[in-house]
> 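Before we start, here is the structure in question, set down as structure tokens.
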Protein chains: 2
Amino acid sequence: MTRNTSRNVTRGDATTWAGWFRALGDPTRILILHLLATEGRPMNVGEIVDVLDVGQSTVSHHLSILGETCFVHVERVGTASWWRINDRCLACFPSAAELIMGRLPLTVPWDEPVAGGACAPGEGC
Amino acid sequence: MTRNTSRNVTRGDATTWAGWFRALGDPTRILILHLLATEGRPMNVGEIVDVLDVGQSTVSHHLSILGETCFVHVERVGTASWWRINDRCLACFPSAAELIMGRLPLTVPWDEPVAGGACAPGEGC
DNA sequence: GTGTTCGATCGACCGATGTCGATGTGTGTG
DNA sequence: CACACACATCGACATCGGTCGATCGAACAC
């Protein structure tokens, strides 16, 4: 996607931003994120299924969504998938809210390259 | 709803938080919020319909959702409805993200009474 | 009074989404 | 090799959600 740096907010911009919020718009995904954040370590699918009261395929599905929006990362080793919070995306997420409210210029902070690689929700990082 | 001040995040908490994010999870609502924020003044439904390329009933519907989650306020005078951004809710919204990530204690800032009335997304204020 | 304007509400349509159980796929083990 | 395990993917189902046109109700103008 080409990034819009003009002053006008297009419906495309709005769709992108809405996608980030929608990723957080489900209770199960909130619980998964909170679990990963409070545990402070990578967890595999089975562990998450044991804590949450939902099926394995459902957890896998939600992790996939969180991964696409870049809120979590996965590292596959053997038969296990180790999922962990993407701290960088969480740090820039409050900026997304202010961006929507017009409190930030449309050239957003995460446009600047950062050591370790820039990252924003919605980008495949 | 009784507010949970314990250390555990229940599915009820997660549902409440997810509701706030879901309110921002639609492009049209993002555009409405951005419009109200950048205009910096109350707007009526007709004005918003003229700017956005959606029907009047759709705009009215979205404004209602944003009102329920307390992101906007409405003042009805005559036949007009004047909608405006709820600055207080926007200020505390980034805290909601950090709350989910376990960076804030569950006794959140907006529990503290504030002159003019406390307010949080999800509360009828 | 009649007519007009503004906005909320209704009903319908249809695509998106959350959930589950079942199956598939790749990895490791004996 | 066969088998077990962890996870992704599939198919089905029910529900939710966004949109529209039409209608309704209240306030205003004449």
Side-chain angles (χ1 to χ4, degrees), chain A residues 11-12 14-36 41-69 71-84 122 124, chain B residues 11-12 14-36 41-69 71-84 122 124:
Chain A
R11 178 162 281 270
T15 302
T16 300
W17 303 345
W20 303 342
F21 287 109
R22 209 178 320 116
L24 300 182
D26 178 80
T28 302
R29 288 197 287 273
I30 295 286
L31 290 174
I32 291 175
L33 276 181
H34 190 82
L35 177 63
L36 288 173
R41 61 182 178 90
M43 300 180 72
N44 60 44
V45 180
E47 287 179 300
I48 300 174
V49 171
D50 289 342
V51 176
L52 277 56
D53 195 23
V54 288
Q56 175 262 319
S57 63
T58 301
V59 169
S60 186
H61 175 230
H62 286 306
L63 284 170
S64 171
I65 291 176
L66 290 173
E68 289 173 5
T69 26
F71 284 107
V72 298
H73 279 166
V74 61
E75 183 186 3
R76 307 186 195 274
V77 40
T79 66
S81 292
W82 295 99
W83 297 85
R84 61 180 171 85
Chain B
R11 178 163 281 269
T15 302
T16 300
W17 303 345
W20 303 342
F21 287 110
R22 210 177 319 117
L24 301 183
D26 178 80
T28 302
R29 288 196 287 272
I30 295 286
L31 291 174
I32 291 175
L33 277 181
H34 190 81
L35 177 63
L36 287 173
R41 63 181 177 90
M43 299 180 72
N44 60 45
V45 179
E47 286 179 301
I48 301 175
V49 171
D50 289 341
V51 176
L52 276 56
D53 196 24
V54 288
Q56 175 261 317
S57 63
T58 301
V59 169
S60 187
H61 176 230
H62 285 307
L63 284 170
S64 171
I65 291 177
L66 290 173
E68 289 173 5
T69 26
F71 284 107
V72 297
H73 279 167
V74 61
E75 182 186 4
R76 308 187 195 273
V77 40
T79 66
S81 292
W82 295 98
W83 296 85
R84 60 180 172 84

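Atoms considered below: every heavy atom in the structure, side chains included; atoms not considered: hydrogens, waters and symmetry mates. Order of the sequence lines sets the chain letters (A, B, ...), proteins ahead of strands, with each chain counted from 1.
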> Taking atom C1' of C:dT19 as reference, at what distance in whole Å does atom CZ of B:R11 sit?
11 Å

> Which comes earlier along DNA chain C counting from the 5' end, the contact point of A:T28 or that of B:G46, where each point is its nearest nucleotide?
B:G46

> Whole angstrom is fine here: how far is it from CG in A:D26 over to C1' in C:dG18?
7 Å

> Out of C:dG18, C:dC20, D:dC7, which has the shortest distance to the side chain of A:V54?
C:dC20

> In whole angstrom, what separates A:H61's NE2 from D:dC7's C1'?
15 Å

> I'd like to know if the side chain of B:T28 pairs up with that of A:R11 as donor and acceptor (distance under 3.5 Å, no hydrogens or angles considered).
yes

> Tell me: CZ of A:R22 to C1' of C:dG15, nearest whole Å?
12 Å

> How many whole angstroms separate atom CG of B:D50 from atom P of C:dT5?
14 Å

> Of A:T79 and A:S57, whose closest DNA chain C nucleotide lies nearer the 5' terminus?
A:S57

> Atom CG of B:L63 to atom P of C:dT9: distance rounded to whole Å?
12 Å

> Which of these nucleotides, C:dA8, D:dC7, C:dG7, is closest to any side-chain atom of A:S81?
D:dC7

> Heavy-atom count around A:D50 CG within 6.0 Å, excluding the residue itself: above 12?
yes

> Give B:W82 one of three labels, base, sugar-phosphate or nothing, depending on what nucleic acid heavy atoms sit under 4.0 Å from its own.
nothing

> How many whole angstroms separate atom CZ of B:F21 from atom C1' of D:dG17?
19 Å

> Using the side chain to side chain contact (heavy atoms under 4.5 Å, CB included) rule, pick out the option among B:D26, B:V74, B:V72 that qualifies with B:L66.
B:V72

> Just wondering, do A:E47 and A:W82 contact through their side chains at under 4.5 Å, heavy atoms?
yes

> Does B:Q56 contact C:dA8 through a side-chain donor or acceptor facing the base, at a distance under 3.5 Å?
yes

> State whether A:S60 places a side-chain N or O below 4.0 Å from either non-bridging phosphate oxygen (OP1 or OP2) of D:dA8.
yes

> Please state how far atom CD1 in B:I32 lies from atom C1' in D:dT19, giving the value in whole angstrom units.
13 Å

> Would you say a side-chain N or O of A:R29 is under 4.0 Å from OP1 or OP2 of C:dG18?
yes

> Please report the shortest heavy-atom distance between A:V49 and A:G55, naming the atom on each side.
CG2-O, 4.4 Å

